[in-house]
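Each chain gets a letter, A, B and so on, in the order the sequences are listed, and its residues count up from 1.
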Amino acid sequence: MRALLLIAGLLFAGSAPALAASEADFKAAFATAEAAEKEAGQLRNQWTTTEAALAAAKKAAAAGDFDQAVSSAKEAEALAKASIFQATSEKERWKDMEIR
Amino acid sequence: MTMRLPIRLASVALAFAVVALAGPSARAADTPDPVADAKAFQKFFKDKFPQLKPDDFVNGPYSMNEDLHRQWEEKEQFPPYEFALEAGKEMFAKPFKNGKTYADCFPNGGIGIRQNYPYFDEKEEGKVITLELALNRCREANGEAPLSYVKDDMASLTAYMAYTSRGKPMDIKVPNDPRALEAYENGKRYFYTRRGQLNFSCATCHVQSPGERIRAEILAPALGILNAMPIYRSEWSGMGTTSRRFTTCNSQIRGVPLSPQDEDYRDLEYFLSYVSNGLPISGPGARP
């Protein structure tokens with residue numbers, strides 16, 4: 001019986017809709033993404049796709065769609081972090097491609 | 001046990017000897033050597049395309065196969081850069097408001113000097129000076145507004161200056177000045193560094209894959225790639241400068257381009273031009 005109640009509880013929890021993102025969630029996610037993109041800029045290695053994701057996040061937030069805005073900001077953060085990784089690893093790795 | 005100590009000592013001595021021998025050669029490998037680089041660079045392309053004459057490389061994709069070469073020959077009969085060339089000739093001769101002209105800013109009145117650009121300015125700022133930069137500085141020194149670096153008037157002016165230098169071998173100097181060597185090395189680093197979301201370096205296309213297709217385009221070899229600048233590109237439906245080529249390359253690999261004539265781009269132009277020394281100026285060029 002206890003097991004059944006537990007399963008029912010889990011099913012209920014799984015089917016419950018996720019809480020909608022708020023403006024504060026967007027602002028936090030956007031600030032994190034923007035900081036990462038700034039770091040990529042200091043490494044002179046920003047990606048156009050990061051810039052596009054940041055712009056999409058702003059646009060969605062302006063339209064009041066904070067779920068989409070948070071999602072785009074998180075995508076921008078991931079892209080910016082990838083560009084930082086690329087710039088850091090290429091500091092020495094470029095020599096592998098050099099014609100000698 | 002007594003035998004082990006001498007063996008250990010000998011091992012340590014050997015290890016030090018290896019480090020001592022490896023040290024200077026490892027350092028030497030990191031010291032910029034433009035002469036050796038240019039030699040290796042040109043050999044790489046000559047080995048990769050043994051059927052090409054060295055001078056053919058300046059025709060970019062049109063040198064890559066017979067069909068494309070025929071297209072180039074036909075295109076050269078009514079070259080699409082002709083209008084820009086005429087406009088450039090007029091602009092070059094037209095005096096500024098103060099009565100001076102571009103000819104007053106350049107050695108030999110600006111005629112037949114394209115092969116010497118970019119150069120390293122040892123005397124004043126200790127940086128690379130490209131032809132585009134020198135043209136805008138000339139304008140500003142004479143009270144005129146600078147031109148856009150990427151197209152139109154700048155492309156016309158550089159087209160005319162290249163035309164007066166056609167056939168002259170690229171002749172870039174890297175003086176024995178640590179700042180010049182650093183600029184050269186920075187340009188080389190930029191050329192080989194992967195960037196953008198597509199994770200491409202300049203070398204990915206123009207060293208590893210010249211002659212191959214990337215979508216509908218045939219990639220040009222890096223050797224002699226700047227000798228044809230500026231170019232009329234059918235894809236652009238217009239003329240473009242070296243600055244335009246660099247910025248669009250960066251955008252195409254999904255990297256945010258630097259400002260035209262950013263120091264990194266100037267150093268890149270310095271490196272790429274130096275390793276093409278000896279190949280003739282063929283600009284202005286036309287590309288698909």
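At a 4.5 Å heavy-atom cutoff, the contact between Phe45(B) and chain A is made by side-chain atoms alone. Both the backbone and the side chain of Gln46(A) come within contact range of chain B, judged by heavy atoms closer than 4.5 Å. Looking at Lys91(A), there are no atoms closer than 4.5 Å to chain B (heavy atoms on both sides), in backbone or side chain. Contact annotation for Glu51(A): only side-chain heavy atoms (C-beta onward) come within less than 4.5 Å of a heavy atom of chain B. With a 4.5 Å cut-off on non-hydrogen atoms, Ile253(B) does not touch chain A at all.
In this structure, Asn136(B) contributes its side chain and Leu147(B) its backbone to a donor-acceptor pair below 3.5 Å.
Top candidate by heavy-atom pairs under 4.5 Å with chain A, chosen from Gly255(B), Ala40(B), Gly196(B), is Gly196(B). Of the residues considered (Val275(B), Leu198(B), Asn199(B), Asn250(B)), Asn199(B) shows the highest number of contacts with chain A, using heavy-atom pairs under 4.5 Å.
Proximity of Thr193(B) to Ser201(B): side-chain heavy atoms (C-beta onward) are nowhere separated by under 4.5 Å.
Using modelled atom types, one finds no donor on one side chain facing an acceptor on the other under 3.5 Å when comparing Glu75(A) with Ser71(A). Counted by atom type alone, Gln261(B) and Ser243(B) present one or more donor-acceptor pairs between their side chains at under 3.5 Å. Side-chain contact of Ser259(B) with Asp262(B): a donor-acceptor pair under 3.5 Å is absent, judged by distance alone.
Around the CD atom of Glu124(B), the shell of radius 6.0 Å holds no more than 12 heavy atoms that belong to other residues, nucleotides or ligands.
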